[in-house]
Each structure stands twice: as structure tokens, then as C-alpha cells.
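First comes the structure, then the notes that go with it.
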Amino acid sequence: MSGSAIDVTLPDGSSRNLPASSTALDLAQSIGSRLAKAAVAAVIGGEERDLSSQLAQGDQVAIVTADSDAGRHVLRHSTAHVLAQAVVALFPGAKFTIGPAIEDGFYYDFELPGGKTFSDDDLQAIESKMRDIVKADQPFVRAEMSVKDALALFVDQPYKCEIIERVTSGASDGADAGEVGGGDSVSVYRNTDSFVDLCRGPHVPSTGRLGHFALMKVAGAYWRGNEKGPMLQRIYGTAWESKSALDEHLTRLAEAEKRDHRKLAVEMDLLSFPAELGGGLAVWHPKGAIVRKLMEDYSRHRHQTGGYQFVFTPHLANANLFETSGHLHFYKDGMYPPMEMDNGTYYPKPMNCPMHCLIYRDRQRSYRELPLRLFELGTVYRYERAGTLHGLLRIRGFTQDDSHIFCAEEQMADEITSLLDFVLSVLRQFGFEDFEFKLSTRDPDKSVGSDEIWEKATAALIDALQRHNVEYSVKEGDAAFYGPKIDIDVRDAIGRKWQLSTIQCDFNLPERFGLEYIGSDNARHRPIMLHRALFGSVERFFGVLLEHYGGAFPTWLAPVQVRVLPVTTAHEEYATRLVEQMRGEGFRVDMVAADEQLGKRIRSAKMERLPYVLVVGDDDVANQTIGVNPRGGDVVRGVKFESFMADLRAETKGVLPQGLSS
RNA sequence: GCCGGGUUAGCUCAGGGGCAGAGCAACCGCCUUGUAAGCGGUAGGUCGUGGGUUCAAUUCCCACACCCGGCUCCA
């Protein structure tokens, strides 16, 4: 081995001998030209660096390729720089702020002179300018400089100066670190004589490595996410390692758009949001209502057999109740305004828990009654700010599948553990298989109760998660004001994540309401309260389900399960007999008479996403058979009607108890 | 709440200071049909609401309601 050579170690443990002062790109080159072509950055000694970084003797080096998560992150971050350069070139005087890579893409926030805003036409012009920059194959040249020099360099860019000052003064909350790194010096990346951006990197070697991107939309965004700060103009884009990856992404977006629950709800005549009713308030049409009812029936069935007791509580309550619970203190702005009445002030309820506390407190409780599980499909009203409403997913009046479990402290861990089983089992019935767990902990500024009880409650939740042996992430400071919680996310049929269920531990409301039970020691004790919702909001869950199934509800949930189509009028009598028999067994069935051609009627049924279309003609009348056209399957002619019925019964059996299937 | 865009027939959308348009759906005929759009006809509108400019406003301006994309918020 010559003295002027170095050895570096690759991720697989092998080592490689290179000439001294070789760069990461040289290393990639020496491994293979295909790798070098795919390379966008390197990880040297655990740190993400540019490909132009020089390697030293003994370095651990991994080449980051464009088709990895880390590689796409680099591509997107670099593309954001190109966006900034294009905007600065096209809009003289524009101030650029931050431009990070995000899931599937990137954005960059700008402030335009005179408070101007971007239009869709601007977006096209900017994208075209970006393509010029890519074509010019400008290098990304890294430089480190002192804070003083950097401040001088960005003298016309107040937001950049603010970032530099915050990071170097140690005031950064971490969000800025992605831009500059930190320490006494900062790094910048220069593309041209006129364009240089503050950045930690790494970046691709040159803009020619980019190109599979698209600008998606323009939106307002607050500087530093601060509602009281200036409103900036944000441009969102997406960027990928190849044309095919970009196309796939755009196809996924189109697929998601097709599944949009607001669109499907109109197409399938499920529900609507009449403007006359006011924002965020829905009315349920018969076909949406039957699906919702089935969901609720299933929920009631599971709760009834799961040891819960049903309760009902009113929609309004005296302000005193919400003062006791603390809701008025923490969420007054999110509550509907009060109504003054002869004997006091009343509010529409934003939560059911205070009322369940009153039911508990109505009489003295014994330890023998615990855990006491109260369940209600309780409709609540929350004054969501106008700009936050979003179909069924963010709505002002909604129904929670809400339970409050009152238990002794020593029962808490077991109760949470069995609750997790219960939640997952219910969610699985709706076709969800992929779950993620999040533990939210206390925010000292927005909470009540002693440190001690918060620690106990958090420990109980962690214990339950560990007993289930599941991975979970921790969200610091995300808890409710009364206690920590576990939230459960699910992935839907096309891989999107939705937060649905929540299990919350509460030592505080029992104290505020003075809840007690008499223990076996004949002394008074304070119960623990567990809040939990599986669907969360029935409306929101319905919206998620609609997108998850793309409108094609499974047979047990479908508004119409079977449609019978007589080939001609002559077969209508036979068709009617079949319909009556199926309805007699509780199935949801209809018939469309032969006023239109069969092909047209089949098409309509398919567009309505019906699970089964039965076609009956001469052969079928003669042989007591049907033609079965199942959703997503092949047509089978000459099926014995009884055989189809046996399959249909088997398919829907056991979800709901007898008598609740419609 | 903030920034931007939007609202025309039941739905999807075109149009544009001077008689309001299409496709699908609906309704009425004809066709009697074997697995994803048969043919013909009819009807359907205070162009989101209110105000303003104008000889004239669905079109331009303002306000409000609702919707969409984000931001912020989300017990």
C-alpha cells in the first residue's frame, strides 16, 4: 500500500483503497459507473456530505443514491434551491426564507415586494425558468464563512439574516438547523455569481442532476408558523429521481383525488353540506345514513358485548359544568357561543366527559362496580375556525363513539391493555390492518394536575404499549390538558395515514368533579378515568372509510348489497320474487326494470359500486338460476339461486347480530 | 382567523357589459334488451346572496355566505 493512498470502509464492512485526496464521487466511480451516476451525496462518518467531500484515511463511507429516501431528500432540497433562484430572478426584490424537503417534495417560502402574491401563471413561468437552470447545469459550490461575512452577504435578505442570528445565538428551535447547521460559522451554497443560498447541505453536485420535478401549488404560510408573524407566499413542488417515479407519484395523487370522500359522497348520494345549514354541518341522505347506521350498530353491538353500559346525555349544558371540567378555561374559543337563559348561561357541549362524570357521581359507588364503562354515541359541537373545515374530516357538529371508563388506579394498566385489543379488533372489521401508535405527553403550559399523577398516568400507558410489544413514537407536549394519551394511526388501502382512535388517561376530571368510590377497606378513594374513542368522530371515520374503500363498501356495509336486473319485462316477475326473498332475510336489495338496455343498467350498477348484480333471463326462470356479476370478479351464468344465497349469508354472517343487518 | 382561488341546470363544466350553453342525469315516447353508455323528443336557470357603477350587470367593483388549496388551530 502506497503512502499516498487511503483506505475507507463501506457499509458492507469491506474496505477500499483509493488515492489520497479522493472524493466521495471518486469512490463511487471506483465502485462502478452506474453507482456514480445514481449518487447524489455521501454519508461520511455518519454525516451527510456532498459528493465533492474529500475522504480521509479510515473514513466510514456510504454512497447515497437518488432512489433512496435520503437521496430523494437531497434531490428535493436541491430542487428547492433552484426554485428560489428562479423566483429571485423573475421577481426582483423577492425575499427568500426557508425551503426544506418534505414528504414527496419540497417547498420554499417567499416574500414578494409590495405584498404581491403568486398566481398560477407565475407558477408556470417559474417552472420554466427552473428548467433553464437545470439545463445550465450550474454547480452547487459549498463555502463556509463567518457569521459576520454571511450577514454581509445576505444584507438584502432579512429573513436569512434572522435565521443566521437565531442559529448562531443558540436561539434556534431546530427548524433553522436544516438551513445552516450551526456553530460559529455558517455554510452557503453558490450556484451562480448572483445566486447563493444559506444551507447546511448536502446538495447534488450540479443542477443538471435534477429535472424530474413539478410545481404543484401556491399557498400562504406564516413566517415561522407564527399566526402573528408575516404571511409569506409558499410554493409547493414535488421532485423524484426519475420520470417514472414522478409519474407514479402523480398517478397516486390522481388516485387519491378519485377517492376524495367529498366527491364520492356527491356521486353516491350519501350526504351533503347545504350552504343554508352553515359551514361544517352535514345532512345524511338515505344511502349515507344506512351505512352510518350499520357502523353505529356494529359499534353498539361490540360495546354491548364488551362490558359497556349505554348512556345518553343532552346537547346543552350550564356553563358551570364546563367551568368545573376546565373546558371553558382551555377551549372557550373552540366552543359555540353561549346562550343566555333565564336560569343561567348554557353552552352546546364540546365533549361528553363532564356529563358522564355527573352520571358517575349521581350516587355513591363501590369498588365492586369498577371498572364502570359508560358508552355513548354523543354528538358534540365545536366552533372550528372557518378556514379549517374540510369535508367530513373537519366538521363543526359530529358524533363521538365516546366512552369513559372509571376504574381503580390498580386496574388502570390492565384496563388500558384490554382496551388496546378492543380498539384494534374493531378497526380490523373495517379493513384496517396497519397500525401506528403515538404516545402524547404533558405540555406544562397547557395542563392541569400534579407532576406525580401525570407520571403515573404516562407510566400506565407505556406499560400497556410494552405489554402489546408494539413500537410507538412519543409526541412531547401533545397531551390533552387533563392527561396523557395514546393515539392510533391506521394506513388505508392506498397507504395514507389517518389518526383515528385515542385512549386518554385522566386523573384530573375525577378530582375536579370530586368522584369517589368506597374501597374494600371501607375508605373513600378517587377513581381514574379513561377517555377513549375508536372511530373518534363517526363522521370523520365514515369519510376515511369512504376513501379507504374508494366507495366500494364491503357487502356488510354497502347501502345496496344486491341489484337484480331482469333481461326483459318478461323476467320481472321472477326478479321480484328473488328480491322479496332476499329482503325477507334482511338483505338490502333492489331491482331495476327493463326500461333500459341491460348493458346500460349494468354500467349504472357498476358506477354505484354495488357488490352484486344478478341478471335473470329465460334460462334462469326455467332453472331457478341467476347470472352473478360480482364487483371486481367474473360473471358466472346459471348459478343456482340457493347457492348464491348461501354464499351471501356466509359473507355477511357474524358481523352484526341477527335483526341488525339493515 | 390569515393568504390565494372559486360559486353558471340535479352532476361535470364552457361562456361572457346587450335573447343563457354542452354532455350526463331527469321526464315522455319508441326499442324488449344476456353482462360497463340504443334512438328520438321534452323540461330544467333570480348565473351563491346583498349592495354599487352603467342606458344596460350573470359578466366590472364592494361586502357577506359557502366551497377548494395551504398556514395557524384541533379537547
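Naming convention: chains lettered A, B, ... in sequence-line order (proteins, then strands); numbering from 1 in each chain. It should be emphasised that the depicted structure is a prediction, and the values quoted were computed from it without experimental measurement.
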With sugar-phosphate meaning primed atoms plus P, OP1 and OP2, does [X] contact a base, only sugar-phosphate, or nothing at under 4.0 Å between heavy atoms?
X: A:G115; value: nothing
X: A:Y222; value: base
X: A:G387; value: base
X: A:Y331; value: base
X: A:D618; value: base
X: A:R234; value: sugar-phosphate

Just label B:C19 as syn or anti from its O4'-C1'-N9-C4 or O4'-C1'-N1-C2 angle, using within 90° of 0 for syn.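 Syn conformation here, the glycosidic angle of B:C19 being no more than 90° from 0.
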
For A:T117 and A:A219, take the nucleotide of RNA chain B holding the closest heavy atom to each; which residue's nucleotide lies nearer the 5' end?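 Here A:T117 is the residue nearer the 5' end.
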
Please compare A:L232 and A:R382 by the position of their nearest nucleotide in RNA chain B and report the one closer to 5'.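 Its nearest nucleotide being more 5', the pick is A:L232.
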
RNA chain B base-pair string [pairs: Watson-Crick or G-U under 3.5 Å; |: paired with another strand]: (((((((..((((....[..)))).(((((.......))))).....(((((..]....))))))))))))....

Can you name the atoms? Protein N/O to nucleotides 24-29 of chain B N/O, anything below 3.5 Å, with the distance.
residue : atom : partner : partner atom : Å
B:A25   : OP1  : A:K600  : NZ           : 3.2

Just jot down the salt bridge (charged side-chain N to carboxylate O under 4.0 Å, His left out) partners of A:E323, sequence neighbours excluded, or say none.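 Residues passing salt bridge (charged side-chain N to carboxylate O under 4.0 Å, His left out) with A:E323: none at all.
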
May I ask you to verify whether the side chain of A:Y107 and the base of B:G70 hold a donor-acceptor pair under 3.5 Å?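 There is none.
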
